[in-house]
Amino acid sequence: MAFICRFAPSPTGPLHIGGVRTALFNWLLAKKNKGKFYLRIEDTDKERSKEEFKKQIIESLSWIGIKHDDKEFIQSKNINKHKEVAEELLKKGFAYKCYCSEEEIKKQKEKCKNQGIPYVYNRKWRDAKDVAIPKDAKPVIRFKSKISGNTIIKDLVQGEINISNSIIEDFVILRQDGSPTYQLSATVDDHIMKVSHVIRGDDHKINTFKQKQIYESMKWNIPHFAHIPLIHSEKGSKLSKRDKSSTINDYVKIGILPDALRNYLLRLGWAYKDKEIFTLNESIQLFDLKGVGKSPSKLDMSRILSLNEHYIKNIDEKILFEFLKNYSQKFKKAIDPSKEDMIVKSISFLKNKAKTLEDIYNNSQYILKEEITITPEDIKLLDSNSKKIISEFLEEFMKIKLPTKESLEKIVNSLISKHKTNFKGVGQPLRIALVGSRFGPGIYNIILSLPKNEIEKRISKAS
RNA sequence: GGUCCCAUCGUCUAACGGUUAGGACAGAUGGUUUUCAAUCAUCUAAUCGGGGUUCGAUUCCCCGUGGGACCGCCA
């Protein structure tokens, strides 16, 4: 049997990483089973659907490495088909026209609320043969849900879910304006696309009981369902579009690598033994629905950072540089082409102090900036003795044609004994002069990464 | 409120009904170091509560408690 998955977001807001994880799980499963992964844009809410969100969704997925098969499906293009199905359901007696006004429904709800009883649509028009149809009233079409008995859904993650049919109301499938609702459109499209596995957030669980009835009425094959637990914000509730750090871009802009976030999202709610680091291939091979937990998980920034640190330290340095270059272009000041070589040479030690691309960028400032400004706190550390030491260093340094670590060590050591000081006595003022701060890379790394004239300039200025 | 779901260190999670309840992140301490990091070593830290079933329960069942989701002519 073909293995067909889909991710079906609505473009009514930016995709957050909960959605990205749902997409990832779908995609992984499709890849693992050599099946298909489709993207369906559910844009039937005309008011709120925006082209920019559709773009953001596709960009987010592609950033993390998820590519959908074929062209994306646009749900609104299929509306006629959805309407046809509604008509068919109507004809076959599985649906009916309901002339209740929105006012009327609203009143019923309020009444129920006041009485403290749960609201279910009263099925007024379900078998209304003798009721007079109000003039000028446009009907909605409601699905005739089962009234008695129980329905069990075998969910691939949640196990068996059993509910009483009576709590599923006669839901609307066609609105007053004739447009199809989500319950109808999603079901019809899943059928048309021959979706075999519907993997979606836990919040869709109840919908399954509605949609299953449509499948049954139409005598369509029912796909497998898997409802994965939601991701919670630090506050402990469902991730929403308003949460900080919830979209892909929130992570991109602080310099998180796609692989790191992919790895993080993979392990959020899923595990394979004790394994923490998964290459892309490993995640495709090892991922399965059995390993998905049932309880929601909380977002943990420090873990994302730690994973990112791991990937920063382990990916190829050329690739890392490309990431950095891109990152600076997009979010900071683009790296001056004349400085690129210096960064490339230094990235091996710059990355060691970094958890993010932003960290690397910040660590590179002493190379990228034209002017070094020494922080007020550090300028105090440059006393007359230190100044003397660094100018003596410069004098010796300028005599060397091609500086190496060894030759630099020689100078430093002689200064240490001459001034009866320790390494710090020489290294600290040098670092302050060269970097503008007492924090920074190893002093030999700094000196070897900078052009000679630049060193001369900075030390003379500071001493 | 109704319905459904869930429950292991602070967090993410592992553990055929038999383990000293494991790993990772975070935290703490110490070593190393040239500052900050990094790194190495060590440590702290959990089976929500109560009943069963069983020789034996984190695991199975029931009841509480806590948390979450849903309850739209949104998706």
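Convention: sequence-line order gives letters A, B, ...; per-chain numbering from 1. For the numbers below, each heavy atom of this structure counts, side chains included, while hydrogens, waters and symmetry mates do not.
For the pairing with His227(A), the side chain to side chain donor-acceptor pair (under 3.5 Å) check across His204(A), Lys294(A), Arg200(A) returns one residue only, Arg200(A).
Using a 4.0 Å heavy-atom distance criterion, Glu309(A) is classed as a sugar-phosphate-only contact. Residue Gly236(A) is in sugar-phosphate contact alone, with no base atom involved, counting any heavy-atom pair closer than 4.0 Å across all strands shown. Ile161(A) comes within contact range of the sugar-phosphate backbone alone, with a heavy-atom separation under 4.0 Å but no base atom that close. Using a 4.0 Å heavy-atom criterion, one finds that Asn422(A) contacts no nucleic acid atom at all. Counting any heavy atom pair closer than 4.0 Å across all strands shown, Leu174(A) reaches no nucleic acid atom. Glu102(A) comes within contact range of at least one nucleobase, with a heavy-atom separation under 4.0 Å. Among the atoms of the strands shown, none is found under 4.0 Å from any heavy atom of Pro9(A). Heavy atoms of Gly442(A) sit under 4.0 angstrom from at least one base atom. Counting any heavy atom pair closer than 4.0 Å across all strands shown, Gln158(A) reaches sugar-phosphate atoms only and no base atom. As judged by a 4.0 angstrom heavy-atom cut-off over every strand, Gly293(A) is placed among residues making no nucleic acid contact. Contact annotation for Lys313(A): backbone-only contact, meaning every heavy-atom pair under 4.0 Å involves sugar-phosphate atoms and none involves a base. Nucleic acid contact for Cys98(A): none, since no nucleic acid atom lies under 4.0 Å from a heavy atom of the residue. His232(A) comes within contact range of the sugar-phosphate backbone alone, with a heavy-atom separation under 4.0 Å but no base atom that close.
Considering only the side chain of Asp45(A), rC74(B) comes nearest among rC73(B), rC74(B), rA24(B). Distances from the side chain of Lys205(A) to the nucleotides rC70(B), rC5(B), rG23(B) place rC5(B) closest. Among rA69(B), rA75(B), rU3(B), the nucleotide with an atom closest to any side-chain atom of Asp203(A) is rA69(B). Set against rC73(B), rA14(B), rC12(B), the side chain of Lys298(A) has rC12(B) as its closest nucleotide. In this structure, of rC12(B), rC73(B), rA69(B), it is rC12(B) that holds the atom nearest to the side chain of Arg303(A). Relative to the side chain of Arg431(A), the nucleotides rU35(B), rU11(B), rA14(B) differ in distance, and rU35(B) lies closest. In this structure, of rU11(B), rA7(B), rA75(B), it is rA7(B) that holds the atom nearest to the side chain of Ser295(A). Considering only the side chain of Tyr444(A), rU34(B) comes nearest among rA24(B), rC6(B), rU34(B). Side-chain proximity of Phe423(A) to the nucleotides rU35(B), rG22(B), rU34(B) is greatest for rU34(B). Looking at the side chain of Ser306(A), the nearest of the listed nucleotides rU35(B), rU13(B), rA26(B) is rA26(B).
Distance check on atom C1': rA7(B) versus rC63(B) gives 16 Å, rounded to whole Å. The separation of rU54(B) from rA14(B), taken at their C1' atoms, amounts to 25 Å, rounded to a whole angstrom. Atom name P, nucleotides rU13(B) and rC6(B): the rounded distance is 15 Å, in whole Å. Taking atom P on both rG56(B) and rA38(B), the two are 49 Å apart, rounded to the nearest angstrom. rC25(B) and rU42(B) have their P atoms separated by 14 Å, with the value rounded to a whole Å. Nucleotides rU53(B) and rU20(B) are separated by 26 Å at their P atoms, to the nearest Å. For the P atoms, the distance linking rU33(B) with rA15(B) amounts to 42 Å, nearest Å. A distance of about 12 Å separates the P atoms of rG22(B) and rA45(B), rounded to the whole Å.
Base pairing of rA41(B): its partner is rU29(B), meeting the Watson-Crick or G-U wobble criterion (both donor-acceptor distances under 3.5 Å). Partner assigned to rU35(B) is none, using Watson-Crick or G-U wobble distances below 3.5 angstrom. With both pairing distances under 3.5 Å, rG18(B) is matched to rC55(B) as a Watson-Crick or G-U wobble pair. Checking rG66(B) for Watson-Crick or G-U wobble geometry (two distances, each under 3.5 Å) identifies rC6(B) as its partner.
Using cut-offs of 30° and 60° for the angle between ring planes, the Tyr361(A) and Tyr327(A) rings count as perpendicular. Between Phe423(A) and Tyr444(A), the ring planes lie perpendicular to each other; the angle is over 60°, past the 30° to 60° tilted range.
A salt bridge links Lys238(A) with Asp203(A): the closest approach of a Lys/Arg side-chain nitrogen to an acidic carboxylate oxygen falls below 4.0 angstrom. A salt bridge is defined here as a Lys NZ or Arg NE, NH1 or NH2 lying under 4.0 Å from an Asp or Glu carboxylate O, and Glu309(A) with Lys313(A) meets this definition. Salt-bridge formation is not detected for the pair Glu104(A)/Lys107(A): no Lys NZ or Arg NE/NH1/NH2 atom is positioned less than 4.0 Å from an Asp or Glu carboxylate oxygen.
When rounded to the nearest whole Å, the span between CD1 of Ile360(A) and C1' of rA38(B) equals 14 Å. Rounded to whole Å, the distance from CD on Glu276(A) to C1' on rC12(B) is 8 Å. At whole-Å resolution of the value, CG in Leu299(A) and C1' in rU13(B) are 16 Å apart. The interatomic distance linking Phe349(A) (CZ) with rA37(B) (C1') rounds to 13 Å, in whole Å. The interatomic distance linking Asp155(A) (CG) with rA69(B) (C1') rounds to 13 Å, in whole Å. Summarising the geometry, the separation between CZ on Phe143(A) and C1' on rC73(B) is reported as 17 Å, rounded to the nearest angstrom. Distance, Ile277(A) CD1 to rG23(B) P: 17 Å, rounded to whole Å. Atoms NZ (Lys54(A)) and P (rA75(B)) sit 18 Å apart, rounded to a whole Å.
In this structure, Ser302(A) and Glu160(A) both approach RNA chain B, and ranking their closest nucleotides by distance from the 5' end singles out Glu160(A). Checking Val172(A) against Leu268(A), the closest nucleotide of RNA chain B that is more toward the 5' end is the one next to Leu268(A).
Separation of atoms CG (Asn445(A)) and OG (Ser348(A)) is listed at 7.0 Å; rounding is to 0.5 Å.
Between the side chains of Asn308(A) and Tyr251(A), no donor-acceptor pair is found at a separation under 3.5 Å. Donor-acceptor pairing under 3.5 Å is lacking for the side chains of Tyr182(A) and Ser10(A).
The aromatic ring centroids of Phe7(A) and Trp27(A) lie 6.0 Å or more from each other.
Using a 4.0 Å cut-off, some side-chain N or O of Thr44(A) falls inside it from OP1 or OP2 of rA75(B). Regarding contacts with the backbone of rC70(B), a side-chain N or O of Lys238(A) is found under 4.0 angstrom from either OP1 or OP2. Distances shown here put every side-chain N or O of Ser237(A) at or beyond 4.0 Å from the OP1 or OP2 atom of rG67(B). For rA38(B), one of the phosphate oxygens OP1 or OP2 lies less than 4.0 angstrom from a side-chain nitrogen or oxygen of Lys355(A). Of the side-chain N and O atoms in Arg175(A), one or more sit less than 4.0 angstrom from OP1 or OP2 of rC74(B).
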